[in-house]
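This report refers to the structure that appears directly beneath it.
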Amino acid sequence: MGGLDVKIWFSQDDFKEYGEGITGKEIIKRDFPELSKEVVGLKVNNELIDLHTPIKKDSRIEFVRLGDKGSEEIYRHTLSHVMAQAVKRLFPDTKLGIGPTIENGFYYDFDIPDRISDDDLPRIEEEMKKIVDADLEIERFELPRNKAIEKLREMGEIYKVKLVEDINDDVVSFYKQGDFIDLCKGPHMPSTGWIKNFKLLNVSGAYWRGDERNPMLQRIYATAFVTKSALEEYLKVMEEARKRDHRKLGTQLDLYSFHPDVAPGMVFFHPKGLVVKNELIRVWRDKHHEKGYQEIQTPLILNESLWRRSGHWDHYKNNMYFSKIDNATYAVKPMNCPGHIIIYKSKMRSYRELPIKFSELGIVHRYEKGGVLHGLMRVRGFTQDDAHVFCTEEQIKEQIIEIIEIIDYLYGLFGFSYNMELSTMPEDHMGDEKTWDKATVELKAALNSTGKEYVINEGEGAFYGPKIDFHIKDSIGRLWQCGTIQLDFLMPERFELTYIGADNKEHRPVMIHRALYGSLERFMGILVEHFGGAFPTWLAPIQVKILPIADRHFEYARAVASKLDSERIRVEVDARDRKTSYKVREAQIEKVPYMAIIGDREVSNNTIAIRLRSGKDIGPQPLDSFINKIKEEIETLSLTSAYE
RNA sequence: GCCAGCGUAGCUCAGCUGGAAGAGCAGCUGAUUUGUAAUCAGCAGGUCAUGGGUUCGAAUCCCUUCGCUGGCUCCA
């Protein structure tokens, strides 16, 4: 340790002096031995470090106890080392890749000569437990860059060598526990005995540095939490997500199906699934009508020249489907914008018409790599709730604000909260930076005026303009990207769009591309999982299921059904020869909001006995009063039952 | 596309180290007339994803193709 003293401040007026390079571990050992079982790290001048890292200058420190903010990071990081150590014990020829912490856990990439599978995970977990039980002391040491490279070469850690070569610092740090040594910047726990709450999840392939030209390593994913209850809670949510899987529920509820042999990445909507989709469209149309949108329809297949002019040919060709007809090349549309532009250009436009808002439920096709297709969430053909607003530059801000209002309304219908992200100019882009800056400034102004928080993603915009993305949060806390608003100064330029201004001169309009659900298919998948298949009544494919007890009740049941049907309530009669309890069970599994049981009592009193899918028995209700209640529930797009 | 796992009846799955393709649910037929999460009986249903190979013999072992599932830069 150096001779110079450093002052360590524990609070405003409480400090102690130590030798330079003192570590948290030493401070605790010397002056706070009672904390040695609790503290796992330090916040030094607000930066998280572990107890192994030397402190070289006067600092203000706070102790980070297990369970405090930041401790999870340390916990998981050390576990990734423990996993690496276990894997190296079981597969000695393993070379290490990287092992970062991630949301809810961590992973480590290995180059293992043997192929491992999920079946190997229990063995690895066992080995990890041994390392934890041994409570190995963790040590940190530093080496000059060239020495570090030399050492890693000797160890045969070729990937680590590459990592160090890319690091600019003169000195790099290593961590050691038992006979395991790894290049690492930390932070790490004091020893391996602390980290008991983890579970290995799965094995997968992952390219070195995510580049498909690099060798593929084997990645092991794991989850870990500081407390046992948090780990169990997380595993429960994962289990819940599995149960709600929209692919499973889609088959069970007879909503849609997939037939990859005839149409990979495409959806077949069954009658009940289409009811849901059409309801989504209905509320969407109503809102757009209210906001002055005009719905249009443009062709699915358009000539190559259009796509060249729009820039898709240069920037989006790899995702497009093509077809040759009469010696000309046509492309299946991956986006609707060029079609909308054609309609805009079909006649002269005046400033008095602006903003022009064209909406279209356009069916678009985008080629996606086979491996990424996933139920309704990632498909090759889908319905986009697209719209393009053609307006003047002065109108941009108010138009963006209006779109955010519509989004707020639509997402609210399903009980989603959401957050917003602004993405700026990507590397592959059209147009000059000045135009991009102007567009970005406009979007920021609109976002700021909503008073809501948003995040900025540098370089994530579309090739023709910056954008705002909307992420919704579902009922089990997962985030989904849905809506998007994209500002575009370039397409109007390319297509030489004009309007005649009050000065009788030609001007260039601005285009705003926007989708709110994003993809109707995907949004529906999200809804299925969000509601676990139990749609609110207005969305439910069948809203009332009538369950007559015996044959003699069929006539009355059918009369009730036809009455409900005439009130535009979606109703089904279960006239099968089964016991009532059986019919109730089936309706329950189908998650029909209302069951109407009909027996002798109901027939003679002109009532129906209502049971909710929650299991609640409401008992006999006069038919008219039921109709009034449910109609109101449907018309107000209520998320909850009128009887609960 | 790449890595790993998987593909048996409409659905969920069993089928061991190779030796006659099974169950439950759903469907159909009949009995039963049922009061809030599964009435009983019978019948029917399969080129074991595909093509090839090993073998006296393959759902099972090996290879090909197709498909599905989980992943494929939250950087030491």
Side-chain angles (χ1 to χ4, degrees), chain A residues 73 76-77 80-81 84 96-109 111-112 114-121 148 152 157 159-167 169 172-175 182-186 201-221 242 245 247-248 251-252 254 257-262 264-265 318 368-375 545 547-554 576-590 595-602 609-613 615-620:
Chain A
E73 161 90 15
R76 288 172 179 160
H77 206 134
S80 86
H81 276 211
L96 303 176
I98 59 167
T101 57
I102 52 174
E103 201 186 341
N104 301 321
F106 61 93
Y107 67 78
Y108 213 117
D109 286 344
D111 185 351
I112 312 176
D114 307 88
R115 294 273 164 242
I116 57 168
S117 73
D118 291 351
D119 300 337
D120 295 307
L121 295 182
L152 289 166
E157 294 293 355
Y159 300 97
K160 296 286 182 186
V161 170
K162 286 184 200 161
L163 288 173
V164 181
E165 282 170 353
D166 286 350
I167 296 174
D169 306 344
V172 297
S173 58
F174 286 80
Y175 282 82
D182 194 3
L183 170 78
C184 185
K185 72 175 170 193
L201 297 177
N202 53 15
V203 178
S204 78
Y207 297 105
W208 168 241
R209 297 195 152 170
D211 188 329
E212 58 189 5
R213 290 166 302 194
N214 286 336
M216 180 161 278
L217 308 180
Q218 300 188 74
R219 174 173 297 179
I220 301 177
Y221 280 95
R242 259 193 294 279
D245 189 316
R247 291 163 300 183
K248 242 192 151 89
T251 318
Q252 212 173 302
D254 198 15
S257 56
F258 301 94
H259 303 273
D261 45 332
V262 292
N318 291 340
E368 301 274 2
K369 288 180 180 178
V372 304
L373 299 177
H374 178 90
K545 193 143 184 177
L547 313 180
I549 290 171
D551 294 5
R552 63 178 179 279
H553 309 122
F554 284 3
R576 293 175 305 173
D577 173 20
R578 307 297 300 241
K579 280 171 65 171
T580 309
S581 57
Y582 180 88
K583 294 181 182 180
V584 167
R585 180 186 142 83
E586 285 236 316
Q588 196 87 39
I589 288 167
E590 283 171 45
M595 287 162 238
I597 291 126
I598 285 173
D600 292 335
R601 286 203 295 274
E602 286 71 25
I610 297 299
R611 177 190 161 106
L612 309 184
R613 64 183 159 200
K616 202 166 169 185
D617 186 357
I618 305 297

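For clarity, every value in this text was computed on a predicted model and none was experimentally measured. Note on naming: letters A, B, ... go to the chains in the order of the sequence lines (proteins, then strands), and numbering restarts at 1 for each one.
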* Quantified in whole Å, what is the C1' atom distance between nucleotide B/A14 and nucleotide B/U60? -> 14 Å

* Asked: At under 4.0 Å between heavy atoms, what does A/Asp118 touch on the DNA or RNA strands: base, sugar-phosphate, or nothing?
  -> nothing

* Asked: Between B/U39 and A/Arg578, is there an OP1 or OP2 to side-chain N/O distance shorter than 4.0 Å?
  -> yes

* To do: Between B/C16 and B/G27, how far apart are the C1' atoms? Round to whole Å, please.
  => 33 Å

* **Rounded distance in Å - CG (A/Asp617) to C1' (B/A37)** => 13 Å

* Asked: Counting side-chain heavy atoms from CB outward, which of B/U33, B/U39, B/A37 is closest to A/Tyr582?
  -> B/U39

* Considering only side-chain heavy atoms of A/Lys160, which listed nucleotide, B/A38, B/A76, B/G35, is closest? -> B/A76

* Nearest-Å distance, CZ (A/Phe258) to C1' (B/U69)? -> 14 Å

* Flag if over 12 foreign heavy atoms under 6.0 Å of CG, A/Asn318 -> no

* A/Ser117 has a side chain; which of B/A26, B/A4, B/A37 sits nearest to it? -> B/A4

* Mate of B/A59 where both pairing distances stay under 3.5 Å, Watson-Crick or G-U -> none

* To do: Please work out if A/Arg601 contacts a base, only the sugar-phosphate, or nothing of the nucleic acid, heavy-atom cut-off 4.0 Å.
  => base

* Asked: Any donor-acceptor pair under 3.5 Å joining the side chain of A/Tyr207 to the base of B/G71?
  -> no

* Asked: Does any nucleotide pair with B/U39 by Watson-Crick or G-U wobble geometry, both distances under 3.5 Å, and what is it?
  -> B/A31

* **Gap in Å between the two P atoms, one belonging to B/C13 and one to B/C3, rounded** => 27 Å

* **C1' atoms of B/A21 and B/A9, separation to the nearest Å** => 11 Å

* Think A/Arg219 has a side-chain N or O under 4.0 angstrom from the OP1 or OP2 of B/G70? -> no

* Asked: Quick one: A/Ile220 CD1 to B/G5 P, roughly how many Å, whole number?
  -> 14 Å

* To do: Could you tell me whether A/Glu590 contacts a base, only the sugar-phosphate backbone, or nothing, with contacts defined as non-hydrogen atoms closer than 4.0 Å?
  => nothing

* Structure fact -> Assign each of A/Ile167 and A/His374 the nucleotide of RNA chain B bearing its closest heavy atom; nearer the 5' end lies the nucleotide of A/His374

* To do: Compare the minimum distances between each of B/G70, B/U36, B/G71 and the side chain of A/Tyr221, then state the nucleotide with the smallest one.
  => B/G71

* Any side-chain heavy atom of A/His81 sitting closer than 4.5 Å to one from A/Cys184? -> yes

* To do: Look at all strands and tell whether A/Leu183 reaches a base, only sugar-phosphate, or nothing, counting heavy atoms closer than 4.0 Å.
  => base

* A/Asp169 and A/Lys185: salt bridge (charged side-chain N to carboxylate O under 4.0 Å, His left out), yes or no, with the steps? -> CA-CA 11 Å; A/Asp169 306 344; A/Lys185 72 175 170 193; over 6 Å; no

* Asked: So, is A/Tyr108 close to the B/C75 phosphate, meaning a side-chain N or O under 4.0 Å from OP1 or OP2?
  -> no

* Asked: So do A/Leu96 and A/Tyr108 actually touch side chain to side chain, heavy atoms under 4.5 Å?
  -> yes

* Asked: Contact class for A/Ile598 vs. all strands (heavy atom < 4.0 Å): base, sugar-phosphate, or nothing?
  -> nothing

* Looking only at side-chain atoms of A/Met216, point me to the closest of B/U36, B/A76, B/C72. => B/C72

* Asked: How long is the line joining CG of A/Asp111 and C1' of B/C72, in whole Å?
  -> 15 Å

* Could you work out the separation of B/C25 and B/C61 based on their P atoms and round it to a whole Å? => 30 Å

* For nucleotides B/G15 and B/C2, find the distance between their P atoms and express it as a whole number of Å. => 31 Å

* Under the salt bridge (charged side-chain N to carboxylate O under 4.0 Å, His left out) rule, what do A/Arg247 and A/Asp245 come out as? Steps first, then yes or no, please. => CA-CA 5 Å; A/Arg247 291 163 300 183; A/Asp245 189 316; 2.4 Å; yes

* Asked: Taking the side chain as C-beta and beyond, is there a heavy-atom pair between A/Ile220 and A/Ile116 under 4.5 Å?
  -> yes

* Among the nucleotides B/G1, B/U36, B/G70, which one has an atom lying closest to any side-chain atom of A/Thr580? -> B/U36

* To do: Answer with yes or no whether A/Glu368 presents, from its side chain, a donor or acceptor under 3.5 Å of a partner atom in the base of B/G1.
  => no

* Asked: Which listed nucleotide (B/A37, B/G27, B/U69) is nearest to the side chain of A/Arg576?
  -> B/G27

* Write down the partner of B/C6 under the Watson-Crick or G-U wobble criteria, each distance required to be under 3.5 Å. => B/G67

* Asked: Between B/G5 and B/G45, how far is it from one P atom to the other, in whole Å?
  -> 36 Å

* To do: Measure from CD1 on A/Ile610 to C1' on B/G35 and round the result to the nearest Å.
  => 14 Å

* To do: Under a 3.5 Å limit for both distances, which nucleotide forms a Watson-Crick or G-U wobble pair with B/C75, could you say?
  => none

* If you check every side-chain atom of A/Leu163, which of B/G70, B/A76, B/U36 has the closest atom? -> B/A76

* Just call it for A/Gln218: base, sugar-phosphate, or nothing, with non-hydrogen atoms closer than 4.0 Å on any strand. => nothing

* Would you verify whether the NZ or CZ of A/Arg219 falls within 45 degrees of the ring axis of A/Tyr107 while also being under 6.0 Å from that six-membered ring's centre? => yes

* Structure fact -> Closest to the side chain of A/Val372, out of B/C72, B/G35, B/C75, is B/C72

* Where each residue is assigned the nucleotide of RNA chain B containing its nearest heavy atom, which of A/Gly210 and A/Arg613 is assigned the position nearer the 5′ end? -> A/Arg613

* If only side-chain N and O atoms of A/His553 are considered, is one of them under 4.0 Å from the OP1 or OP2 phosphate oxygen of B/U33? -> no

* Under 4.0 Å between any heavy atoms, over every strand shown, what does A/Asp600 touch: base, sugar-phosphate, or nothing? Just pick one. => base

* Is any side-chain nitrogen or oxygen of A/Arg242 closer than 4.0 Å to OP1 or OP2 of B/U69? -> no

* Counterpart base for B/C16, defined by Watson-Crick or G-U wobble contacts under 3.5 Å -> none

* Asked: Which nucleotide, in any strand shown, forms a Watson-Crick or G-U wobble pair with B/G45, with both distances under 3.5 Å?
  -> none

* Asked: Reckon A/Ala550 touches a base, only the sugar-phosphate, or nothing at all at heavy-atom distances under 4.0 Å?
  -> base

* Asked: Looking at A/Arg613, A/Lys579, A/Lys545, A/Arg576, which hits salt bridge (Lys or Arg N to Asp or Glu O under 4.0 Å) with A/Glu586?
  -> A/Arg576

* State, with a plain yes or no, whether a side-chain heavy atom of A/Arg209 is found less than 4.5 Å away from one of A/Asp166. => yes

* To do: Would you mind telling me which of B/A76, B/U39, B/A37 lies closest to the side-chain atoms of A/Cys184?
  => B/A76

* Asked: Reckon A/Arg213 touches a base, only the sugar-phosphate, or nothing at all at heavy-atom distances under 4.0 Å?
  -> nothing

* **Pairwise P distance, B/G52 and B/U12 [rounded to whole Å]** => 29 Å

* **Minimum side-chain heavy-atom gap A/Gln588-A/Met595 below 4.5 Å** => yes

* Look at all strands and tell whether A/Ala587 reaches a base, only sugar-phosphate, or nothing, counting heavy atoms closer than 4.0 Å. => nothing

